[in-house]
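It should be emphasised that the depicted structure is a prediction, and the values quoted were computed from it without experimental measurement.
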Amino acid sequence: MEEPRIKVYGSATEITVAANAAGLRDLAERLMGLADPELKDGYHEHLEGGINIEEGSVSLILVRDEAL
């Protein structure tokens with residue numbers, strides 16, 4: 001099985017999240033976890049360059065926000 005690889009980059013007007021197939025599955029699992037009915041508003045995950053996304057990536061925060 002391939003290792004998940006995710007890169008986040010962008011400018012002031014757009015953000016790109018690029019990933020291999022394993023990385024896309026990893027992101028999907030994280031998003032499905034955030035949608036769990038038992039989690040409360042405000043639950044979030046930090047993805048940091050060199051830790052859970054590729055070195056040099058912009059940090060990404062996934063947030064559950066019920067006000068949206």
| said: Less than 4.5 Å apart, side chain to side chain, heavy atoms only: is that true for Leu62 and Leu31? | reply: yes
| With a 4.5 Å heavy-atom cut-off, do Glu55 and Glu48 have their side chains touching? | no
| query | Would a hydrophobic clustering, with Ile, Leu, Val, Met, Phe, Trp and Tyr connected at side-chain separations under 4.5 Å, put Tyr9 with Ile15? | reply | no
| query | Are there more than 12 heavy atoms of other residues, nucleotides or ligands under 6.0 Å from atom CD of Glu3? | reply | no
| Cluster overlap Val63 with Ile53, hydrophobic side-chain contacts below 4.5 Å | no
| Can you tell me how far the CG atom of Leu27 sits from the CD1 atom of Ile6, to the nearest 0.5 Å? | 4.0 Å
| field | pair Arg64-His44: side-chain heavy atoms closer than 4.5 Å | value | no
| said: How long is the straight-line distance from CD1 of Ile51 back to OG of Ser57, given to the nearest 0.5 Å? | reply: 11.5 Å
| field | Contact check, side chains of Glu2 and Asn20, non-hydrogen atoms, under 4.5 Å | value | yes
| Does one hydrophobic cluster hold both Leu34 and Val17, with members joined at side-chain heavy-atom distances below 4.5 Å? | yes
| said: Closer than 3.5 angstrom, by distance alone: can the side chain of Asp26 be matched with the main-chain N or O of Pro4 as a donor-acceptor pair? | reply: no
| Just wondering, more than 12 heavy atoms not from Arg30 lying within 6.0 Å of its CZ? | yes
